[in-house]
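What you see is a predicted model; the values in this text were computed from it and never measured. Sequence lines set the chain letters: A, B, ... in the order given, protein chains first and strands last, and positions in each chain run from 1. The figures here come from the full heavy-atom set of this structure, side chains too, leaving out hydrogens, waters and symmetry mates.
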Amino acid sequence: MFSTRIKIKELLLSEKVNYQATVMGWVRTFRNNQFIALNDGSTNNNIQIVVALGAFDEATLKRITTGACIKATGEVIASLGKGQKVELKATAIEVLGDSDAEKFPLQPKKHSLEFLREIAHLRFRTNTFGSVFRVRHALSFAIHDFFTKKGFIGIHTPIITASDAEGAGEMFKVTTLPLDGSAPKNEDGTINFKDDFFGRSTNLTVSGQLEGELAAMAFGNIYTFGPTFRAENSNTTRHLAEFWMIEPEMAFYDLEDNMNLAEEFIKHIIRYAMDNNREDLEFLAQRLDEEEKQKPQNERSEMGLIEKLEFVINNNFERITYTEAIEILRESNHNKKKKFQYIIDKWGIDLQSEHERYLVEKHFKKPVILTNYPKEIKAFYMRQNDDGKTVAAMDILAPGIGEIVGGSQREERIDKLVERMKEMHIPTEELDWYLDTRRFGACPHAGFGLGFERIVQFVTGMGNIRDVIPFPRYPKSASF
RNA sequence: UCCUCCUUAGCUCAGUUGGUUAGAGCAUCUGACUGUUAAUCAGAGGGUCGUUGGUUCAAGUCCAACAGGGGGAGCCA
């Protein structure tokens, strides 16, 4: 029976003393042959276990190494030392799992994030990743909490999908056909999928949006929160081949309703983490602070992590149109002095990272919602504005990360939608099921997509997206 | 995919204009120490210098290709 154990977080929080308790966890350090720092993942704070001289045999003490799993029972007492309020005076210690100190790669010292990424299966046991993944969980919970309280229905959209026409990116093929060249072929040399598992070509999903729209046409407000796959050869600090995405879709919403929801949503989940994971965020803030000190003065951020999150919660996001953004950029000294690699000269061009960063980090110094982009640079399903040039799109740009949300009011007028699909060479036959939303009881609706790992990055302050998902998948990397 | 930097002990790094036996701190091991906080002190072990090929009397050091990693860009969330 293991249920008698008390979690270290609870034990430390209560500050009660003079009672018997059992703790279980993994040894961080064993100092002076006397003090064990034990961690069980409930908090970054360790419980100090005091080992009385002569109370345990030498052989047992030798097995208490960094990484070993132990069970310790004893009396919780007020600590005689300075670093903690309470500690456990052990009367019994059982080694549940040995850890060979010569082979265990984690040491009681600072490790680089790059090294820890190579041992992703063990990095959970560090303070940094302990905090990151507790915060990740809090955000995940807060997302379901937010939408549930608003009466949204969570929809599980398919992970294997037949449509490959969404244009959201390169897809991973799903097949059971042999890969040695013996798969059946059509006359033109392409693979014949008639005898494949699904009887047709299938892929891993790049977005649940189209299916989500179907559900919104029945439930009104829905959201999806699931894994998404992109086979893009992207090697950056903010892209993954497998990531989690939140995609709400709302009937009877226009672009402004959509923006209001997205802003309220982001603020809610950040506030939830601030209220429930303060200790972890403070640890991450300190970590980031030390990292920033290594940088030259002009590259350091003006705000600490906690400060930044509070600022985002307490201020309105800046809302401007694409056209206004182009004006601001064109008139900026930065542009006039030709400091942009891509000079802003005319309306219609897509904004580069440097431009987005300038708007968010230099000009407004807060999250920015950009709206009404030229239709040429946006997806087919976005609603065309009356000017004939722009669509009702909105992107939310966050400092340090860039695009965190992409959304739009959807084109509910079937003639306009089909016309746009043809212009963009999107096969209407394949998406006939999607067009049914516009044939039977179409209504104005809107939605957006938010990359979960990007918001986790923003809230934890981690610089590389590979460090906010337990086992990251990216080009040339699918270990563990 | 493109640009750029990097790869030396388990980890983080030093290694001079190419020149004998490649160093440090931490970790590990052995011993000491009973109120430590990434404990401390003494000692010990630990390296095909990313891989392959080339230049040279001589390569950790110079050149090339490849692999892996960091940063930036593109694609995007």
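For B/G69, the OP1/OP2 oxygens have no side-chain nitrogen or oxygen of A/R466 closer than 4.0 Å. Taking side-chain N and O atoms only, A/R31 has no distance below 4.0 Å to OP1 or OP2 of B/U36. Between A/S353 and B/G74, a side-chain N or O to OP1/OP2 separation shorter than 4.0 Å is present. Between B/U37 and A/Q48, no contact under 4.0 Å exists linking OP1 or OP2 to a side-chain N or O. Using a 4.0 Å cut-off, no side-chain N or O of A/S79 falls inside it from OP1 or OP2 of B/G35. In this structure, A/N235 does not reach the B/G71 phosphate: none of its side-chain N or O atoms is under 4.0 Å from OP1 or OP2.
Using atom P as the reference point in both B/G25 and B/A42, the two lie 10 Å apart (nearest Å). Comparing the C1' positions of B/A14 and B/A58 gives a spacing of 23 Å, expressed to the nearest Å. Separating the C1' atom of B/U30 from that of B/G18 is a span of 40 Å, rounded to the nearest Å. On the C1' atoms, B/C33 is 8 Å away from B/C41, given to the nearest whole Å. Taking atom C1' in both B/A22 and B/G15, the straight-line distance is 8 Å, to the nearest Å. B/A59 and B/G71 have their C1' atoms separated by 29 Å, given to the nearest Å. Comparing the same atom, P, in B/C3 and in B/G60 gives a spacing of 30 Å after rounding to whole Å. Between the C1' atoms of B/U21 and B/A64, the separation comes to 31 Å (whole Å).
Taking atom CD of A/Q34 as the reference point, atom C1' of B/A39 lies 11 Å away to the nearest angstrom. A/R63 places its CZ atom 18 Å from the P atom of B/U28, with the value rounded to the nearest Å. Between A/E403 atom CD and B/A73 atom C1' there is a gap of 16 Å when expressed in whole angstrom units. Rounded to a whole Å, the CG atom of A/L450 is 13 Å from the C1' atom of B/C76. Rounding to whole angstrom units, CG of residue A/N233 and C1' of B/A73 are separated by 13 Å. For the pair A/F30 CZ and B/C29 P, the computed distance is 12 Å after rounding to whole Å. We find that CG of A/N33 is positioned 13 Å from P of B/G35, with the value rounded to whole Å. In this structure, A/K103 atom NZ and B/A27 atom P are separated by 21 Å, rounded to whole Å.
For B/C76, its base never sits under 3.5 Å from the side chain of A/S234 at any donor and acceptor pair. A/N32 contributes no side-chain N or O that forms a donor-acceptor pair with the base of B/U37 under 3.5 Å. Checked by distance alone, A/E232 brings no side-chain donor or acceptor within 3.5 Å of a matching partner on the base of B/U1.
Checked against a 6.0 Å centroid threshold, the rings of A/F124 and A/F471 count as neighbours. Annotation: A/Y358 is in aromatic contact with A/H334 [ring centroid separation under 6.0 Å].
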Original post:
Reading nucleotides 4-15 of chain B from the 5' end, what letters show protein touch, with B for base, S for backbone sugar-phosphate only, - for no heavy atom under 4.0 Å?
Top reply: ------BBS---

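The aromatic rings of A/F229 and A/F172 stand perpendicular to each other, their planes meeting at an angle above 60°, with 30° marking the opposite boundary. Ring planes of A/Y342 and A/H355: perpendicular class, angle over 60° (limits at 30 and 60°). Ring planes of A/F380 and A/Y434: perpendicular class, angle over 60° (limits at 30 and 60°).
At distances below 3.5 Å, not a single donor-acceptor pair connects side-chain atoms of A/N464 with backbone N or O atoms of A/D467.
Under the 4.5 Å side-chain criterion, counting only non-hydrogen atoms from C-beta, A/F35 is not in contact with A/T29. Side-chain atoms of A/F452 and A/I246, non-hydrogen and from C-beta on, do get closer than 4.5 Å to each other.
When both distances must be under 3.5 Å, the Watson-Crick or G-U wobble mate of B/C66 is B/G50. Across every strand in view, B/G18 sits unpaired, with no contact that passes the Watson-Crick or G-U test at under 3.5 angstrom. Base pairing of B/G45: no nucleotide in any strand meets the Watson-Crick or G-U wobble criterion (both distances under 3.5 Å).
A salt bridge does not link A/E354 to A/K339: none of the charged nitrogens lies less than 4.0 Å from a carboxylate oxygen.
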